[in-house]
Student: 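Below you'll find the structure I mean.
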Amino acid sequence: MSATEPRRRWWPRSVRARAALAAASAAAVVLVAIGWWVHRDVYRESMRITEGQAQEQLFTLVDQLEDGVVPVRRSTVPYEIVATDRRAAVAYGGGMEEFDPGTRHVLPAPPKAGMPAPPKDEAAWGYATRPMRIPARHDSMPGDRFGKDGGTYLVMYDEVRADELSSERVAALGIATDAQLRVHVVVLPHAAEHIAEATDRMLLRAGLVGLVLIAAVAYFAVRIALRPLEAIRVLTASVTASDPRERVTVPATGHEITALATTINTTLQRLDNAAAQQRRFVADAAHELRSPLTTLLASLEVALAYPERTDWPATATTAARQTHRLHALAEDLLLLARLDTRAPTADPEAVDLTALASRLAERYPLTERGPLTLTCDSTAPARAHGNPDAYERLLRNLLDNAARHAAHRIQITIRNQDTWVVLTVHDDGPGVPTEDAERIFERFVRLDDARSRDHGGTGLGLAIARDLAHRHRGTLTLKPRTLGACFELRLPQAPTPAGE
């Protein structure tokens, strides 16, 4: 594989395939756990049944010996009856003939001292259970129940004393009168193993079929569930910058896709509104730039066309005024662009707005605005986190707006209110109609369009002031007043430094 060739991943990229694989994997884990539990339970239950059959066979053989009857060989459970001082087995069956027990017995005979005490849990029944070694059998002997190499098996055994039987029964059994009989019954796990293996094969087939069905159901269920998403994708792909009015269809099912469609429509609406606002902004900016450029160009062309009759100082004054206006408009546009692209960030610096407002009121050029008085009313320091230059620009924009409309007086009031710093700028001008209380904060909006634009603002001052207030987690609103306009700035109060 070359370095430029993409690395192939085994994990599928399709959501449908991933869901099907995940469902099948989870189901496989569950089925394996269930299969292991069923296998163990089936094997344990089969062994319990096998041991019960062996126990029943043991009791039957003991009863026959006590009655002087030699058991027949036909049996489904392997057994062997041996006696002391006897080489050959008294009786055998159930597969023990594979070892030719006619010449010797396979399982050990009881000791002459008598029957050993059985374990406590089996004392009530009078028999014992021990694992015993079955030896390897001769190759010439038929059968494969125990295998060629033999093995260790669980053996149940019980003992019968010959001196407890009558002489006729002892003679019928062909043993000495002082002999001791031991009945062995071998518990073979083959049946339980075969049943468990058959159950495993059945569970494996059923599990494979179940995994295929689960994967298929998960695949098609996710496919059906994703159909609304595909429709949303197609409609969203048709949205372009020139036509952002397309909206996706909201499903009536009320599930998560409905919330997604609603969110996408809300986002598209915001983008549409932002695009429309951007277009209006560009159009208004071009219009605002065209007015001073037109005036500047016209005055220069007239001066160049009639140089001998041109008042050059007046022409230069007009050019300087229009250039200053273009410069102010360009500065405002650049500031708005920076405010639009930068996310608000927390500024750890605490600014005393009382000192800032007092300093600005002392230096504000009222002589250019007519016979106006500017007062600053504050009783205590008012601190807020933020940028001092930004706060100064905000207050200067509010004062510029008030100075353009005030008749005689402008008043700045600063106070601490709960956890807020509240600053108001109030003028005694004509005021703002109630229906325009929010519109004046839009960009390039002026309510004094009838006036000469040379004396009016750019229409960006209040918009910049509100944006700066929002960047500092504050608000700027127009409060209703019977006389003039009153702008209220609310900012989160900064903690007072220790020692003050």
Student: Let me confirm one number: the CG-OG1 distance from Leu300 to Thr315, rounded to the nearest 0.5 Å.
Tutor: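 Rounded to the nearest 0.5 Å, the CG-OG1 separation comes to 7.5 Å.
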Student: Any side-chain heavy-atom pair from Leu476 and Leu398 closer than 4.5 angstrom?
Tutor: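 Leu476 reaches Leu398 side chain to side chain.
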Student: What are the two closest heavy atoms between Ala469 and Leu491, and how far apart are they?
Tutor: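 Heavy atoms only, the tightest pair is O-CD2, 4.3 Å.
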Student: Could you check whether any side-chain heavy atom of Arg201 comes within less than 4.5 Å of a side-chain heavy atom of Leu204, counting everything from C-beta outward?
Tutor: no
Student: Distance-only, no hydrogens or angles: does the Thr354 side chain make a donor-acceptor pair with backbone N or O of Ala382 under 3.5 Å?
Tutor: yes
Student: Among Thr373, Thr375, Asp428, exactly one meets side chain to side chain contact (heavy atoms under 4.5 Å, CB included) together with Gln411. Which residue is that?
Tutor: Thr375
Student: Rounded to the nearest 0.5 Å, what separation is found between the CD atom of Gln322 and the NE2 atom of His327?
Tutor: 15.0 Å
Student: Return the CG to CG distance between Asn387 and Leu394, rounded to the nearest 0.5 Å.
Tutor: 11.5 Å
Student: Is the CD atom of Glu56 crowded by more than 12 outside heavy atoms at less than 6.0 Å?
Tutor: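 No, because the 6.0 Å sphere around CD of Glu56 holds 12 heavy atoms or fewer from other groups.
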Student: Would a 4.5 Å heavy-atom cut-off, applied to side chains only, mark Asn401 and Leu462 as touching?
Tutor: yes
Student: Apply side-chain contact (heavy atoms from CB on, under 4.5 Å) to the pair Met156 and Gln55, showing each step before the final yes or no.
Tutor: CA-CA 7 Å; Met156 294 181 179; Gln55 185 185 58; 4.0 Å; yes
Student: Please give me the minimum heavy-atom distance between Thr50 and Ala191, naming the atom from each residue.
Tutor: OG1-CB, 4.5 Å
Student: Could you tell me whether Glu45 and Arg48 have a side-chain N and a carboxylate O separated by less than 4.0 Å?
Tutor: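 Answer for the salt bridge query: yes.
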Student: Is the shortest side-chain heavy-atom distance between Thr424 and Leu489 below 4.5 Å?
Tutor: no
Student: Determine whether the aromatic ring centres of residues His472 and Tyr391 are separated by less than 6.0 angstrom.
Tutor: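 Judged by ring-centre distance (under 6.0 Å), Tyr391 and His472 do meet the cut-off.
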Student: Ignoring hydrogens and angles, state whether a donor on the side chain of Asp200 or His39 is under 3.5 Å from an acceptor on the partner side chain.
Tutor: yes
Student: Considering all heavy atoms of both residues, which atom of Leu211 and which atom of Ala24 are nearest to each other, and what is their separation?
Tutor: CD2-O, 3.3 Å
Student: Minimum heavy-atom separation for Val351 and Pro388, please, with both atom names.
Tutor: CG2-CG, 3.8 Å
Student: Any chance you could measure Leu360, atom CG, to Glu392, atom CD, to the nearest 0.5 Å?
Tutor: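 Between Leu360 CG and Glu392 CD, I get 6.0 Å after rounding to 0.5 Å.
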Student: With salt bridge (charged side-chain N to carboxylate O under 4.0 Å, His left out) as the test, would you mind laying out the steps for Glu438 and Arg466 before giving the verdict?
Tutor: CA-CA 11 Å; Glu438 283 297 319; Arg466 173 167 276 191; 2.8 Å; yes
Student: Minimum heavy-atom separation for Asn397 and Ala465, please, with both atom names.
Tutor: ND2-N, 4.2 Å
Student: Compare all side-chain heavy atoms of Phe487 with those of Ile440 and state whether any distance is below 4.5 angstrom.
Tutor: yes
Student: Determine whether Asp427 and Arg404 make a side-chain contact, defined as any pair of heavy atoms from C-beta on separated by less than 4.5 Å.
Tutor: no
Student: Roughly how far, to the nearest 0.5 Å, is CZ of Arg16 from CD1 of Ile224?
Tutor: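 These two atoms lie 11.5 Å from each other.
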Student: Given side chains that start at C-beta, do those of Tyr364 and Asp400 come closer than 4.5 Å, heavy atoms only?
Tutor: yes
Student: Given Val422 and Ile414, is the side-chain contact (heavy atoms from CB on, under 4.5 Å) satisfied, shown in steps?
Tutor: CA-CA 6 Å; Val422 181; Ile414 306 173; over 6 Å; no
Student: If every non-hydrogen atom of Tyr153 is compared with every non-hydrogen atom of Ile134, which pair is closest and at what distance?
Tutor: CD1-CG1, 3.3 Å
Student: Give, for atom CD1 of Ile464 and atom CZ of Arg471, the distance between the pair rounded to the nearest 0.5 Å.
Tutor: 12.5 Å
Student: Could you tell me whether a side-chain N or O of Ser299 sits under 3.5 Å from a main-chain N or O of Leu296, the two making a donor and an acceptor?
Tutor: yes
Student: Using the side-chain contact (heavy atoms from CB on, under 4.5 Å) rule, take Gln493 and Asn416 through it: C-alpha gap first, then chi angles, then the decisive distance, then the call.
Tutor: CA-CA 8 Å; Gln493 186 178 16; Asn416 294 310; 3.3 Å; yes
Student: Please check this pair: side chain of Asp352 against backbone of Ala384, looking for a donor-acceptor N/O pair closer than 3.5 Å.
Tutor: no
Student: Is the closest side-chain heavy-atom distance between His426 and Arg481 below 4.5 Å?
Tutor: yes
Student: Using the rule given for side-chain contact (heavy atoms from CB on, under 4.5 Å), can you reason through Val15 versus Val222, listing the C-alpha separation, both sets of side-chain angles and the distance that settles it, and then say yes or no?
Tutor: CA-CA 8 Å; Val15 176; Val222 174; 4.2 Å; yes
Student: How about Arg490: does its CZ atom have over 12 heavy atoms from other parts shown lying under 6.0 Å from it?
Tutor: yes
